[in-house]
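Below: the structure, in structure tokens.
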Amino acid sequence: MEELINETLRIASEKFLTFGFKEEQIEQLLASGKRDLGKELEKLKALVEEEPADIEKINKTLHALKGLFYNMGNTDAGDRMSDLRNEDEAEKEIETIKTLLHR
């Protein structure tokens, strides 16, 4: 999970620099993004551990994460969240998420 956050922050930092943001602005955006990603990833982690899993809540959290990742420029992670939301098998989706969160 920490690896995913750090990768996203690195991508976002480069993206924000190319947009012409000042250093102070970038620091604030990265801090806010890190906080929001951490909150949503922790929520997702708790949701996939629940028995029985609430797929609707998991999908809402995946949707929120997708938006955060896209906004920060990590399109690969955003695409991954979108793909997970489209999984037909809930058990497979949950196991894939657990694997992703424990990286």
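Start at 1 with the first residue, then count along the sequence.
No single ILVMFWY cluster, assembled from side-chain heavy atoms under 4.5 Å apart, contains both F19 and Y70.
For the side chain to side chain contact (heavy atoms under 4.5 Å, CB included) with R85, the lone residue among R80, H63, K60 that qualifies is H63.
Here CG of D36 is found 10.5 Å from CD1 of I5. Values are rounded to the nearest 0.5 Å. One distance of note links CE of M72 with CG of L9; it measures 5.0 Å at 0.5 Å rounding. In this structure, CZ in F16 is found 12.5 Å from CD in E27, a value given to the nearest 0.5 Å. Distance OG1/T75 to CD1/I11: 7.0 Å, rounded to 0.5 Å. The line from NZ of K43 to CD1 of I58 is 12.0 Å long, rounded to the nearest 0.5 Å. From E93, atom CD reaches atom CG of D83 across 11.0 Å, with rounding to the nearest 0.5 Å.
Other residues, nucleotides and ligands place no more than 12 heavy atoms under 6.0 Å from the NZ atom of K34.
Counting heavy atoms from C-beta outward, I94 and L47 have side chains that stay 4.5 Å or more apart.
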- E49 vs K45, salt bridge (charged side-chain N to carboxylate O under 4.0 Å, His left out): CA-CA, chis, key distance, verdict: CA-CA 7 Å; E49 297 298 330; K45 188 175 180 180; over 6 Å; no

- Message: Is there a side-chain contact (heavy atoms from CB on, under 4.5 Å) between L65 and F69? Walk through the geometry before answering.
- Response: CA-CA 6 Å; L65 283 164; F69 285 126; 4.1 Å; yes

- Task: Please test M1 against E42 for side-chain contact (heavy atoms from CB on, under 4.5 Å), starting from the C-alpha separation and ending with a verdict.
- Result: CA-CA 9 Å; M1 185 164 62; E42 284 297 329; 2.8 Å; yes

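T99 places a side-chain N or O within donor-acceptor distance of the main-chain N or O of E95, the cut-off being under 3.5 Å. Put simply, the side chain of S32 never gets that close to the backbone of L29: no donor and acceptor are under 3.5 Å apart. For the pair Q25 (side chain) and K22 (backbone), a donor-acceptor distance under 3.5 Å is present.
Looking at R10 and E14, a side-chain N of the basic residue comes within less than 4.0 Å of a carboxylate O on the acidic one, giving a salt bridge.
Closest of all the heavy-atom pairs between K66 and G78 is CG-O, 3.4 Å. The two atoms that bring L44 and L62 nearest to each other are CD2-CD2, 3.9 Å, heavy atoms only.
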